[in-house]
Amino acid sequence: MPPKPKIRQRKLQFFHTRVCDHRSERATFDYFKQPSTEEASDGERNRTDHPTAPPDVLDSAETPLVVEAVKPTQTFRSRKADSVKAWQNIRSKLRSAYYQSIVPTSEECDICHEEIPNPFFCCDCSTQPVFCEDCAVQSHHQNAQFHKQLQYKDGTRCRFEFRRELSTTTHNCDEQYMKSMTIFERNGSSFSYQVTFCRCLTEMESLVKFGYWPSSPVDPANAISMNLLQWMTGSLLETNSSVKSICQSLKVSAGLNDGEVTYLYRTLTNETFEEYRHFRFCVSNPPLESTDIDDGASCPACPKEGGEAFISLDANFGLVRKKNSGSSNEPPKHASRYFIEQNIVDSFVEAYDADGAYREDDKECSNFQAASAVRAKNKAANLDATGVFGSACRHGIPHIFLSMCHGERYAYPALLLKTLVEGCSVHYHVIYDIACKFDGHIQKRMPWLSGFDVALPVFHAYGHKLPCQILYSTRWKTNYGLTDGECMERLWSYLRKFSHVTKEMTPSHRIDLLSDALFHFASGKIANIGNALCMSLQKGRDVAKQSQCQLQQVCSSHNVSVEAIKQWRQEAKDQLTQHGKSKRHKQGWKETYFIKLQYHQHLCTEILLCEDQEQVMLLNSHIRQVLNELRAIEEKNGISSRWTCDSSEYIEVEVALRSQKMKMLKEKMRCQAVEYSYLKEISRKYSDGQAIAQRVSRQLIRASRSLKKSIKTYNEEFLPQPPIPYTQAADPSNEFYHHLHEMQQQSSDMIPARVKQNAVDALNMNERGLEEQRLVTTEMKNSINFFKQQIERIESQLSRLNTVAMQEEENGICCLLREKATYYKKLMETCSEQFRRAIGGYIGIDANEVLLSDDDEDLDETID
């Protein structure tokens, strides 16, 4: 891609909008502001920088926060150096300020103004006021009991404990009672509370109503603040830390001792943390009669009915589970939202295996082990689950997953695609890293999936043989745009970090944690869908513009047309794909008779030199068999006397067969030379350290070895003078190949092969860039329609709930639904503004007319 044009820095205005319980605050920004290269490399945003943990209350107004633009003349390095110097200048002052804050500055209570010898002060109050003992208790008795208070005595600080009380009742009742409990507050600190309960509600319900999660479903001895649990959930999903590591971090942040950390960890691992995470998901998606309201994991940009969508498949063998990690007492809490039920997977794989679907392919591509029957037959001895097989759309949003018990078999993608298409009218383009083998398998074993169009991911394509790259790469196939198909690798890079946790979990806990992680990953992608589509649209424009310039340069320099370049592309595709597919020459009776004569002569020579009697008897039986075959051919074709080495017929057939063998070997060498030249040209585009360069280098070495082997065979059999050197045979345009009909046509224009290859690549990228613009514009329209549809469904559900007398529970559900509708409205407004600038600002039209139109021809006119 060409570098993006520099845009003058401006003053930006960010709006902090606190959204509903389903998402947290998100800042809108100008898509067209381009960061500098240094800023992008130093402060690259995380893929899921939009956390799932939301605030509880909506802000009543939007507060603008103006960020001053940096001077354009100041570079990143100079700003970094200035920041370091500024920190160096204030280090000693900051230490001095902290030392002064340790000791109370006054011995007078800030409330009653009495002098006290041993003052009390609070570390959590913003101004750190000084108290006497009575004022310290009274001021923190109601709403600040979880504050950490210290007493300054004898020149040191010690923790001040007082009686903390918590009432979970809101009415006067004769059934009230008090219970002593340990409560972990929102900052992680633990306190001993005297909690008042009422027998009108269970203790667990009372704690939840006041923002605390019970440690057990029966007679809880302690409770944990929901804010603390929400912070733990965010740490688990964003940093991929284990629950034990999160509890250990509270030793530093909250000052817990080892006993308290161990107690908290055992409490959380006793189903408490798993139940809370599922509770948070359920309240974010309350159970309703209408199931059409999205649960926050559907892609807004992909079509829901009709249209074309892209799905990537891949397996991950890092997310294993050990057999000795225990068993589950209940099915996964998320059921089959993401993962297919394991009994369905096992029965399908067993039936697929019994049906003989794992016979080895006649022809393998490179050394890929995926779906290899030999390598996938046996289960790992100590593993209950060997990995995860999954799918995601081209926007990176997860779709369907399953747990594997073997290697990567064809049954897993077959079951996944079967589940995907059931009751669905969308046409899917499937991108799989062994698409070349899977395509043939679909045609043979799964005719009900023959409507799928399969392709190779861009990165994985370089690990395949060149004919596979040409036939299946997304850069050569039409209607794929700039889809790279590597979204599953990006998902695995996030999900793989949970492997150290999930391998020790029970089956249900493993599925629930991976499902929570997938929901978290999807929420970040959905919240950033507007920016992602705008970037894809801009990328399509840049690629189309750059490739168009390259095409114009080739056409003007060599006086050719675009149609001629398309013909070059078709010729290159034919050359690279014909090797190995050409039919064998059908032998006539003369060629068969000649070969039998040669074989008879060879056996006679062998029997003269053989001294082993058993071997002589065996050779005699072969000679008698060959003589019978020769007599049959002679009787059928009227040969009166057997051919000899001096007969004209014998010499004529020998010359014809030799010429035919030479031509076939030259055709093979030419195909190998074309493949070698193509790979050599690709290798120039990438640096040596890049992973793609390493893949191409391995392919280049294999192609070179194959060509050298063919050259050696040619020189040994046909003895050319002088022998054919490697440099001559490796050039597809060399006169050595000019006798071939195709090469005579190609050599007539005298255009270098490298120029043709660059022109073909530019033509492919130009077409893909234009397709990307059409795809993205359609996806923008889908996104706006999706948000509108969700808002309408939520409002329809609210209207049904408002028609009946609502209890407190229904009021809470309506509140959550309104917050969810508010989230979709803000997301739709943000996306609409981004799309308006990306489409209308670039072309100079009203983007809303295009995005809200039902006619797809308007989209094509927009691109054209």
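Values below: all heavy atoms of this structure, side chains included; hydrogens, waters and symmetry mates excluded. What you see is a predicted model; the values in this text were computed from it and never measured.
Look at Glu634 and Arg631 and you find no salt bridge, because none of the NZ, NE, NH1 or NH2 atoms lies under 4.0 Å from a carboxylate O.
Shown here are the ring pair (Phe, Tyr, Trp, His ring centres under 6.0 Å) partners of Trp492, two or more places apart in sequence or in another chain: there are none. For the side chain to side chain contact (heavy atoms under 4.5 Å, CB included) test, no residue two or more places apart in sequence or in another chain qualifies with Ser556. Scored by the ring pair (Phe, Tyr, Trp, His ring centres under 6.0 Å) test, Phe718 finds Tyr714 as partners (sequence neighbours excluded). In terms of the side chain to side chain donor-acceptor pair (under 3.5 Å) criterion, Arg658 has no residue partners (sequence neighbours excluded). Residues satisfying the salt bridge (charged side-chain N to carboxylate O under 4.0 Å, His left out) test with Arg394, not counting sequence neighbours, are Glu772, Glu779. Every residue two or more places apart in sequence or in another chain was checked for a salt bridge (charged side-chain N to carboxylate O under 4.0 Å, His left out) with Lys708, and none qualifies. Every residue two or more places apart in sequence or in another chain that forms a side chain to side chain contact (heavy atoms under 4.5 Å, CB included) with Ala759 is listed here: Val554, Ile565, Trp568. Every ring pair (Phe, Tyr, Trp, His ring centres under 6.0 Å) that Phe401 has, sequence neighbours left out, goes to Phe339. In this structure Asp439 satisfies the salt bridge (charged side-chain N to carboxylate O under 4.0 Å, His left out) test with no other residue, sequence neighbours excluded. In terms of the ring pair (Phe, Tyr, Trp, His ring centres under 6.0 Å) criterion, residue partners of His429 (sequence neighbours excluded) are, by chain and number, Phe310, His427, Tyr480. Residues forming a salt bridge (charged side-chain N to carboxylate O under 4.0 Å, His left out) with Glu489 (at least two apart in sequence, or on another chain): none.
Although no hydrogens or angles enter the test, the distance criterion places no donor-acceptor pair under 3.5 Å between the side chain of Ser704 and the main chain of Ile701.
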For residues 645-656, which side-chain donor-acceptor pairs fall under 3.5 Å, sequence neighbours excluded?
unit_1, atom_1, unit_2, atom_2, d
Ser647, OG, Thr644, N, 3.3
Ser647, OG, Thr644, O, 2.7

